[in-house]
Amino acid sequence: MSRPGRASGRRVRAVRLGPRSAVTLLLVSAVGVAAFGWPLLADSASGLAHSRDAPWLFAALLPLLLGVVVAAVSDSDDGTGTGLGAKAVAMLGVLAAAGAALRPLGAGTAGLEPMFFLMVLSGRVLGPGFGFVLGAVSMFASALLTGGVGPWLPFQMLSMGWVAMGAGLLPGPHRLRGRGESVMLAGYGAAASVLYGTVMNLQGWPYIAGLGTGVSFVPGDPVGENLARFAAYVLATSMGWDLSRALLTVVLTLTLGPAVLRALRRATRRAAFDAPVSFTSASFAGNRDGNPDR
């Protein structure tokens, strides 16, 4: 009698990282970190002021990001119970569409982006592997929806994937519930919202020309000096937007979060992603009576 209750409280992850997914995710994360940070290590003769360098990073990163999705799907066929199966792909599509639809509601308005709270809650319930794929696919879909495709897109996909993946790595996935979980997720969402904006600034800052020397990137200067200029640039240009995004994420997580978490967990349990699919001959037993329609 108590088994169903315990099973219903069990946290089921739609995507458990398989070997191919884990290796691909580590590879794309390493390339992403290098892509974000390499200008800080470049010398003064590298010509970083030319924005034409950015499309090469787009061409290198986008196939790797798509490779994470492909690897997650292929892991579902190796018999280990990992990867994106048909049910998980269906849920991925629904949540990615919801995230893509939420983003235009606040994009361009004081940094208010309601999709962040959905990515955080989805990563928490469905795990880090699913979270990374969901974040990247949602950002890609929203870019197609809003016409925001450009050299910044793979960086946005990476950053949003990290945001949702980080939520899946938070402690207490099986035990922490209620107000404590909401507060933890709200705090994480606020920090992730600010860090997302900061990391995305790092992507574009070295390519922006014409700024004052106090906040401009200087190729070849020591890393510490450039980071000090970068901090001044963030405070002067985008911190207000990042704080607005963080505040909205906190408010939505604390007000709508408990209901959304329950809905996601209920859908995950009913989908039974971990349950193996098997076929028996029982459904065809009627054919032995000579009636093909039974």
Side-chain angles (χ1 to χ4, degrees), residues 10-33 61-100 115-141 154-176 181 184-185 188-189 192 195-196 199 260-261 263-277:
R10 183 172 57 93
R11 179 176 186 245
V12 180
R13 290 186 176 181
V15 175
R16 289 182 293 158
L17 287 176
R20 284 185 292 267
S21 301
V23 170
T24 308
L25 182 54
L26 287 174
L27 174 62
V28 72
S29 295
V31 172
V33 170
L61 280 173
L62 189 56
L64 287 174
L65 287 167
L66 295 178
V68 174
V69 181
V70 173
V73 173
S74 65
D75 273 333
S76 66
D77 297 326
D78 62 6
T80 63
T82 61
L84 279 168
K87 296 176 183 178
V89 170
M91 181 169 281
L92 174 67
V94 171
L95 291 175
M115 80 177 291
F116 271 76
F117 102 100
L118 179 63
M119 296 297 104
V120 170
L121 299 185
S122 299
R124 170 66 173 176
V125 173
L126 295 162
F130 188 99
F132 183 88
V133 175
L134 174 63
V137 172
S138 298
M139 192 59 72
F140 183 77
F155 296 96
Q156 290 177 327
M157 293 170 66
L158 264 174
S159 300
M160 188 60 73
W162 287 335
V163 167
M165 181 178 69
L169 295 172
L170 292 174
H174 303 286
R175 302 181 304 277
L176 186 60
E181 184 180 37
M184 181 187 68
L185 291 176
Y188 171 80
L195 288 175
Y196 173 88
V199 169
V260 175
L261 286 171
L264 288 172
R265 286 179 171 132
R266 186 182 306 114
T268 302
R269 288 194 301 267
R270 291 182 176 178
F273 296 112
D274 288 345
V277 178

Inset, instruction - Specify the closest pair of heavy atoms between G189 and V120, including all atoms of both residues, with the distance to one decimal. - result: CA-CG2, 4.2 Å
Inset, instruction - Check whether any side-chain heavy atom of M139 lies under 4.5 Å from a side-chain heavy atom of S159, and answer yes or no. - result: no
Inset, instruction - Work out which heavy atom in Y188 is nearest to a heavy atom in A167; give both atom names and the distance. - result: OH-N, 3.3 Å
Legend entry - Close side-chain approach of L134 to L126, heavy-atom, < 4.5 Å: no
Legend entry - Closest heavy-atom pair and its distance - A267, M91: CB-CE, 3.7 Å
Legend entry - L26: side-chain contact (heavy atoms from CB on, under 4.5 Å) partners, not counting sequence neighbours: none
Inset, instruction - Could you please spell out the steps behind the side chain to side chain contact (heavy atoms under 4.5 Å, CB included) verdict for V133 and L92? - result: CA-CA 8 Å; V133 175; L92 174 67; 3.7 Å; yes
Inset, instruction - Could you check if a side-chain atom of W162 sits within less than 4.5 angstrom of a side-chain atom of L195, using non-hydrogen atoms only? - result: no
Legend entry - Taking every non-hydrogen atom, the tightest pair across Q156 and Y196: CG-OH, 3.6 Å
Inset, instruction - Taking the side chain as every heavy atom from C-beta outward, state whether L158 and V199 have any pair of such atoms under 4.5 Å apart. - result: no
Inset, instruction - Evaluate the side chain to side chain contact (heavy atoms under 4.5 Å, CB included) criterion for residues S138 and M119: first the C-alpha distance (whole Å), next the side-chain angles of each, then the deciding distance (0.1 Å), finally the verdict. - result: CA-CA 9 Å; S138 298; M119 296 297 104; 3.7 Å; yes
Inset, instruction - Flag the pair L264 / L95 as yes when at least one side-chain heavy-atom distance between them is below 4.5 Å, and no otherwise. - result: yes
Legend entry - Sub-4.5 Å side-chain heavy-atom contact between V260 and R124: no
